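Report on the following structure.
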Amino acid sequence: MADATETLCELFESSCVELFSGLDCQIQKLAADDSAMGKAPIAFIDAGSEDLELFIALHVPFSVLTMTYPEFAAESIMAVSEEVLEDWISELSNQLVGRFKHKLLQNSCAITIGLPDLLYDGQADQLPVNHLIPHHFYFDVDKEIVKCSLYLQILKADLTLAPSQEDSGPPEGELEFF
């Protein structure tokens, strides 16, 4: 089970790096530092399968949300409202869980994803993750600290994750209709 946890954490961390790199941000992993998170909003999504239960949380300061917002321009920085940025962090959490899901599919692990939700003012103690084991990742994203968390419970004792030779669905960023 330790190997599965390690692999899940590696896949999650690389998904985080890809998310912010894809938004043209400079990103670098940091040592743990909860002190700088403050009252930034937290977007979260639950996911899982018969084999594991996941909960992903994205704790991002408004400055990073503003800088990564698609229609951001230096002259319009004040025009982006908090409400719009709260929607944006939910979208970022969707993108993160989508990247992570794609990586899991490539490793023979399919999950079902819930809908994003949001906590305000850095209320991390109110996340509904009672029985899940936390794995926190801190990143310097263009000189601001971002916290990405993977809460995890492996339900299948002999869970193994290995690269699949099968087609794992549509390429990243494409829609699949059911």
Side-chain angles (χ1 to χ4, degrees), residues 1 4-23 34 37 39-62 64-65 68-70 82-139 141 146-157 159-161 164 166-178:
M1 199 167 0
T5 299
E6 184 177 318
T7 301
L8 289 164
C9 287
E10 289 170 2
L11 294 173
F12 180 73
E13 181 181 345
S14 69
S15 297
C16 296
V17 170
E18 288 174 10
L19 173 67
F20 288 101
S21 295
L23 295 168
D34 249 355
M37 292 315 304
K39 296 188 178 230
I42 303 170
F44 57 92
I45 299 177
D46 65 330
S49 69
E50 293 178 4
D51 299 334
L52 63 135
E53 187 175 344
L54 305 169
F55 189 91
I56 293 170
L58 192 56
H59 199 164
V60 183
F62 279 111
V64 174
L65 293 173
T68 58
Y69 188 71
E82 266 190 32
E83 185 176 283
V84 168
L85 295 177
E86 289 165 357
D87 287 342
W88 179 234
I89 192 173
S90 292
E91 173 57 26
L92 288 176
S93 67
N94 268 329
Q95 289 183 27
L96 176 59
V97 78
R99 287 175 186 274
F100 187 52
K101 179 180 180 177
H102 187 74
K103 289 180 182 300
L104 291 175
L105 283 171
Q106 291 175 332
N107 284 272
S108 305
C109 182
I111 59 171
T112 302
I113 300 172
L115 296 173
D117 206 349
L118 191 64
L119 287 173
Y120 304 92
D121 298 328
Q123 300 167 324
D125 60 330
Q126 294 182 16
L127 288 171
V129 292
N130 301 337
H131 59 285
L132 303 176
I133 299 169
H135 302 275
H136 302 294
F137 301 87
Y138 298 84
F139 300 96
V141 176
V146 170
K147 179 181 176 183
C148 302
S149 300
L150 172 65
Y151 296 85
L152 178 63
Q153 181 181 19
I154 296 177
L155 304 171
K156 182 180 176 184
L159 177 67
T160 56
L161 299 170
S164 173
E166 299 175 19
D167 179 19
S168 60
E172 185 177 316
E174 290 188 17
L175 294 176
E176 182 175 11
F177 294 99
F178 300 87

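These numbers were taken from a predicted model, which means no experiment stands behind them.
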Output, in order, the C-alpha distance, side-chain angles, deciding distance and verdict of side-chain contact (heavy atoms from CB on, under 4.5 Å) for Y69 and E91.
-> CA-CA 10 Å; Y69 188 71; E91 173 57 26; over 6 Å; no

For the residue pair [X] and [Y], what are the closest heavy atoms and their distance?
{"X": "A110", "Y": "S49", "answer": "O-CB, 3.2 Å"}
{"X": "P116", "Y": "I45", "answer": "CA-CG1, 3.5 Å"}
{"X": "L65", "Y": "P41", "answer": "CD1-CG, 3.9 Å"}
{"X": "P61", "Y": "V146", "answer": "CD-CG2, 4.1 Å"}
{"X": "K147", "Y": "S149", "answer": "CE-OG, 3.5 Å"}

Sorted by chain and residue number, the salt bridge (charged side-chain N to carboxylate O under 4.0 Å, His left out) partners of E53 (sequence neighbours excluded) come out as none

With I89 as partner, the option from V64, N94, V60, T68 fulfilling side chain to side chain contact (heavy atoms under 4.5 Å, CB included) is V60

For a side chain to side chain contact (heavy atoms under 4.5 Å, CB included) with R99, tell me which candidate from L11, L19, V17 qualifies.
-> L19

State the [atom1]-[atom2] distance between [X] and [Y], to the nearest 0.5 angstrom.
{"X": "L8", "Y": "L54", "atom1": "CG", "atom2": "CG", "answer": "6.5 Å"}
{"X": "C109", "Y": "K156", "atom1": "SG", "atom2": "NZ", "answer": "9.5 Å"}
{"X": "I56", "Y": "F44", "atom1": "CD1", "atom2": "CZ", "answer": "12.5 Å"}
{"X": "S15", "Y": "E10", "atom1": "OG", "atom2": "CD", "answer": "11.5 Å"}
{"X": "T5", "Y": "I133", "atom1": "OG1", "atom2": "CD1", "answer": "7.0 Å"}
{"X": "Q95", "Y": "F20", "atom1": "CD", "atom2": "CZ", "answer": "9.5 Å"}

With side chains defined as the heavy atoms from C-beta onward, is the minimum distance between [X] and [Y] less than 4.5 Å?
{"X": "P70", "Y": "W88", "answer": "yes"}
{"X": "C9", "Y": "F137", "answer": "yes"}
{"X": "L161", "Y": "T7", "answer": "yes"}
{"X": "E86", "Y": "Y120", "answer": "yes"}

Full working for side-chain contact (heavy atoms from CB on, under 4.5 Å) between L52 and L159 = CA-CA 9 Å; L52 63 135; L159 177 67; 3.8 Å; yes

Would you mind listing every salt bridge (charged side-chain N to carboxylate O under 4.0 Å, His left out) that reaches into residues 103-116, with sequence neighbours excluded?
-> E18-K103

Given L105 and I111, is the side-chain contact (heavy atoms from CB on, under 4.5 Å) satisfied, shown in steps?
-> CA-CA 8 Å; L105 283 171; I111 59 171; over 6 Å; no

Y151 and H136 aromatic centres sub-6.0 Å |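 Between Y151 and H136, the centre distance is under 6.0 Å.
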
Given side-chain contact (heavy atoms from CB on, under 4.5 Å), test F100 with L150 step by step and report yes or no.
-> CA-CA 11 Å; F100 187 52; L150 172 65; 4.1 Å; yes

